[in-house]
Asks: 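I'd like to ask you about the structure that follows.
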Number of protein chains: 2
Amino acid sequence: MDKMYKENNLSKNQQIIFDLIDKSSEPLKAYTILFSVQKKGIKAPPQVYRALDKLVETGKIHKIESKNAFVACRNSNCEISKATAFSICESCEMVDEISDAKLTKYLTNFSDKKGTKYKRFNLEFFGLCKKCK
Amino acid sequence: MDKMYKENNLSKNQQIIFDLIDKSSEPLKAYTILFSVQKKGIKAPPQVYRALDKLVETGKIHKIESKNAFVACRNSNCEISKATAFSICESCEMVDEISDAKLTKYLTNFSDKKGTKYKRFNLEFFGLCKKCK
DNA sequence: TTTAAAATTGTTATAATATAACATTATGTA
DNA sequence: TACATAATGTTATATTATAACAATTTTAAA
Ligand SMILES: [Zn+2]
Ligand SMILES: [Zn+2]
Ligand SMILES: [Zn+2]
Ligand SMILES: [Zn+2]
């Protein structure tokens, strides 16, 4: 087979799954993804989870932990998922990635009472989005 | 049966499961809990999940979303789980609840670019604990 | 250009996490 | 009492995620 996925360094399955997540206006769950890509030859959970793992690892997508679902990264500044923040609507399914330099700086520099600094954080805000308010 | 669980307003199953989590030095997973309390008559997942749900709802415990595990609240100021922050060691299983008034204030007052404020947040820091460094 | 390592894929089975649905019992309050 | 609400017990099943192993493709070094 031709080397069809060299330029952007995503493999075939990774690209298929990334495209799906990237086009979606909602966070997608692994089995929703699996169902959607079966026509493209991705037929089993490990294929989906492996692609998701790699995409998370490289910062192309993020996992919304409270929803077990995935969104495409909308923030070129989030440095391979070291510093992520999201707003999550409790009414509709909407999730937005927050990119706020001040917030990122504040949390990246945060050190606890013992003076410990952390190399990564994930922050999830919950409330009502503009539509749902 | 006597009203054996009135004073502290936890029900029997809730108290059993809270005590277990409260005594634990590690976050506990639902099925670990289930296994541990079978001798006390709690035999099925729904019994555990219902107690966990109620304990989370009332702020007695918190769910560590990235681990699907539960810890007892160590912070009387966290206002029924509206504002939670944790430090999580990526090497051992250690989780500490962070209680930092400044951090809480900063995040509680945070508003995004559209001026939206959120009614709740959960923050997870990842790194190495003192022991593992 | 061979060739070997590393990454990716395909596949089957199963583990781990969580909820639906319904019957019963206990508790708080009018 | 009598009613509403909360909690419990139980069986089954849905959802999320990984183990294990074989085959293929890609990358990079010899
Ligand atoms: Zn991002
Ligand atoms: Zn909404
Ligand atoms: Zn707390
Ligand atoms: Zn540690």
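Each chain gets a letter, A, B and so on, in the order the sequences are listed, and its residues count up from 1. Here the structure is a predicted model, which means the values were calculated and not measured. All values below were derived from every heavy atom in this structure, side-chain atoms included, with hydrogens, water molecules and symmetry-related copies excluded.
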Asks: Taking 4.0 angstrom as the limit, do D100(A) and K105(A) come out as a salt bridge?
Replies: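 Looking at D100(A) and K105(A), the cut-off is not met.
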
Asks: Return the nearest nucleotide to the side chain of Y49(B); candidates are dA18(C), dT9(C), dT11(C).
Replies: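 Among the listed nucleotides, the one closest to the side chain of Y49(B) is dA18(C).
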
Asks: Using a 4.0 Å heavy-atom cut-off, does K63(B) contact any base of the nucleic acid, only the sugar-phosphate backbone, or nothing at all?
Replies: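 Sugar-phosphate contact only - K63(B) comes under 4.0 Å of backbone atoms but never of a base.
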
Asks: Would the distance check show the side chain of S24(B) and the main-chain N or O of L20(B) forming a donor-acceptor pair, the cut-off being under 3.5 Å?
Replies: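 Such a contact is absent between S24(B) side chain and L20(B) backbone.
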
Asks: Using OP1 and OP2 only, check whether a side-chain N or O of K12(A) sits under 4.0 Å from dT24(D).
Replies: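 False: K12(A) side-chain N/O out of range (4.0 Å or more) of dT24(D) OP1/OP2.
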
Asks: Are R74(A) and D22(A) close enough for a salt bridge, meaning some N to O gap below 4.0 Å?
Replies: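 Salt bridge present between R74(A) and D22(A).
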
Asks: Nearest of dT12(C), dT8(D), dA17(D) to any side-chain atom of Q47(B)?
Replies: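 From the listed options, dT8(D) comes nearest.
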
Asks: Just wondering, more than 12 heavy atoms not from K133(B) lying within 6.0 Å of its NZ?
Replies: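 More than 12 within 6.0 Å, yes.
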
Asks: Considering only side-chain heavy atoms of P46(A), which listed nucleotide, dA20(C), dA7(D), dT12(C), is closest?
Replies: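 Between dA20(C), dA7(D), dT12(C), the one nearest the side chain of P46(A) would be dT12(C).
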
Asks: Looking at CD1 of I16(A) and CD1 of I21(A), how far apart are the two atoms once the value is rounded to the nearest 0.5 Å?
Replies: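 It is 12.0 Å, given to the nearest 0.5 Å.
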
Asks: Rounding to a whole Å, what distance do you find between I16(B):CD1 and dA7(D):C1'?
Replies: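 Interatomic distance, CD1 of I16(B) to C1' of dA7(D): 13 Å.
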
Asks: Closest-nucleotide mapping onto DNA chain D: is N68(B) or R50(B) further toward the 5' terminus? I mean the 5' end.
Replies: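 Nearest nucleotide further toward 5': that of R50(B).
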
Asks: Please pick, from dA18(C), dT8(C), dA17(D), the nucleotide with the shortest atom-to-atom distance to any side-chain atom of P45(B).
Replies: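 Of the candidates, dA18(C) comes closest.
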
Asks: Given atom NZ of K29(A) and atom P of dA17(D), what is their separation to the nearest angstrom?
Replies: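 To the nearest whole Å, that distance equals 8 Å.
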
Asks: Expressed in angstrom and rounded to an integer, what is the separation of L52(B) atom CG from dA16(C) atom P?
Replies: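 Distance check: L52(B) CG to dA16(C) P gives 18 Å.
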
Asks: Check this for me, if you would: do E124(A) and K67(A) make a salt bridge, where the nitrogen-to-carboxylate-oxygen distance has to be below 4.0 angstrom?
Replies: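 Salt bridge flag = no for K67(A) with E124(A).
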
Asks: When the distance from CG of D53(A) to C1' of dA19(D) is rounded to whole Å, what number comes out?
Replies: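 In whole Å, dA19(D) C1' and D53(A) CG are 14 Å from each other.
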
Asks: How far does the helix from dT1(C)-dA30(D) to dA30(C)-dT1(D) bend, going by the axes of its first and last five pairs, to the nearest 10°?
Replies: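 For the helix from dT1(C)-dA30(D) to dA30(C)-dT1(D), the axes at opposite ends meet at about 40°.
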
Asks: What is the distance, to the nearest angstrom, from the CD atom on Q38(A) to the P atom on dT11(C)?
Replies: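 Value for this atom pair: 12 Å.
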
Asks: Under 4.0 Å: is that the gap between some side-chain N or O of S11(A) and OP1 or OP2 of dT26(D)?
Replies: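 No, because none of the side-chain N or O atoms of S11(A) sits under 4.0 Å from OP1 or OP2 of dT26(D).
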
Asks: Between dG10(C) atom P and K40(A) atom NZ, what is the distance in whole Å?
Replies: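 These atoms are roughly 14 Å apart.
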
Asks: Mind calculating the distance between NZ (K54(A)) and C1' (dA7(C)) to the nearest angstrom?
Replies: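 Rounded to the whole Å, the gap is 8 Å.
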
Asks: Do K113(A) and D96(B) meet the salt-bridge criterion of a basic N to acidic O distance under 4.0 Å?
Replies: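 Here D96(B) does not pair with K113(A) in a salt bridge, since their nearest N and O are not under 4.0 Å apart.
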
Asks: Does the aromatic ring of Y31(A) sit over the six-membered base ring of dT15(D), closer than 5.5 Å centre to centre and tilted less than 30°?
Replies: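 Not stacked by the 5.5 Å and 30° rule.
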
Asks: Would you tell me if any nitrogen or oxygen in the side chain of N9(B) comes within less than 4.0 Å of OP1 or OP2 on dA6(D)?
Replies: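 False: N9(B) side-chain N/O out of range (4.0 Å or more) of dA6(D) OP1/OP2.
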
Asks: State whether the side chain of E90(B) and the backbone N or O of F126(B) hold a donor-acceptor pair below 3.5 Å, judged by distance alone.
Replies: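 Here the side-chain-to-backbone pair does not exist.
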
Asks: Can you tell me the distance, in whole Å, between the CD atom of E65(A) and the C1' atom of dT17(C)?
Replies: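 About 14 Å, once rounded to whole Å.
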
